[in-house]
Amino acid sequence: MTHDPNCIFCRIVKGELPAKRIHEDDEFIVFPDIHPAAPVHLLMVPKEHFATLADAQAKHEELLGRMLLLAPRLAREQGATNGYRVVINNGPDGGQEVYHLHVHVLGGARPWKRL
Ligand code: 5GP
Ligand code: ZN
């Protein structure tokens with residue numbers, strides 16, 4: 001499995017940096033965003049390092065599907081009972097800051113501009 005020792009999310013996956021793990025399985029972990037943009041703001045982070053959706057491969061199909069399928073339950077359990085957003089930022093124009101693919105789950109309020 002690919003790791004990048006300079007990547008902040010790889011370091012969280014390895015336990016070198018702290019995060020409150022809300023979920024963990026063989027393929028990914030989930031923890032709260034350190035700067036929440038909504039009352040519920042979770043990050044779903046694969047254990048394997050790959051930067052963006054464009055770097056995902058066929059072998060990641062199940063991982064990506066499993067993350068999306070788990071998002072509703074975690075959102076609800078964390079208090080987003082009236083809906084939530086599921087967001088993957090990609091590249092500079094996508095507003096990506098951490099180049100280790102991750103899924104944002106945002107809910108508990110509606111502060112955003114409607115798409
Ligand atoms: P991006 O803009 O790359 O889609 O999102 C990166 C997210 O990671 C940001 O919302 C930021 O607040 C969050 N983040 C950055 N560093 C850390 C960290 O060390 N711990 C946690 N929990 N979240 C982080
Ligand atoms: Zn990484």
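Atoms considered below: every heavy atom in the structure, side chains included; atoms not considered: hydrogens, waters and symmetry mates. Whatever order the structure lists them in is the order used to number ligands and atoms, beginning at 1.
- Closest to atom 1 (P) of ligand 1, if we only count protein heavy atoms, is His102 NE2, 3.2 Å.
- Close approach of ligand 1 to Val98 (heavy-atom distance below 4.0 Å) involves ligand atoms 3 (O), 6 (C).
- Screening His102, His100, His3 for a ring-ring contact (aromatic ring centres under 6.0 Å, His included) involving His49 leaves a single residue, His100.
- The angle subtended at the Zn ion (ligand 2) by SG of Cys10 and SG of Cys7 is 120°, given to the nearest 10°.
- Under 4.0 angstrom from ligand 1, the non-hydrogen atoms of Leu43 all belong to its side chain.
- Ligand 1 has no atom lying under 4.0 Å from any heavy atom of Val87.
- Polar contact check, Pro32 against ligand 1: a nitrogen or oxygen pair lies under 3.5 Å apart.
- Remark: ligand 1 atoms within the under-4.0 Å shell around heavy atoms of Asn89 are 1 (P), 2 (O), 4 (O).
- Close contacts of ligand 1 with Phe31, meaning ligand atoms under 4.0 Å from a residue heavy atom, involve 21 (C), 22 (N).
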CA sep, side-chain torsions, deciding dist, call: Phe28, Phe9, ring pair (Phe, Tyr, Trp, His ring centres under 6.0 Å):
CA-CA 11 Å; Phe28 66 94; Phe9 286 174; over 10 Å; no
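- Here the heavy atom of the protein found nearest to atom 17 (C) of ligand 1 is Ile34 CG2, 3.7 Å.
- In this structure, atom 16 (N) of ligand 1 lies nearest to the protein heavy atom Ile8 CD1, 3.9 Å.
- For ligand 1 and His35, the ligand atoms under 4.0 Å from any heavy atom of the residue are 12 (O).
- Of all the N, O or S atoms in His100, the one closest to the Zn ion (ligand 2) is ND1.
- Within ligand 1, the atoms closer than 4.0 Å to a non-hydrogen atom of Phe9 are 8 (O), numbered from 1 in the order shown.
- Looking at His49 and the Zn ion (ligand 2) together, the shortest N, O or S contact belongs to ND1.
- Asp33 OD2, 3.3 Å is the protein heavy atom nearest to atom 9 (C) of ligand 1.
- Of all the heavy atoms of Ile12, the ones lying under 4.0 Å from any atom of ligand 1 belong exclusively to the side chain.
- Gln78 contributes no side-chain N or O that, together with a main-chain N or O of Gly108, makes up a donor-acceptor pair within less than 3.5 Å.
- The Gly95 neighbourhood of ligand 1 comprises atoms 2 (O), with distances under 4.0 Å to a heavy atom of that residue.
- In the vicinity of Gln96, heavy-atom distances shorter than 4.0 Å reach the ligand 1 atoms 2 (O), 3 (O).
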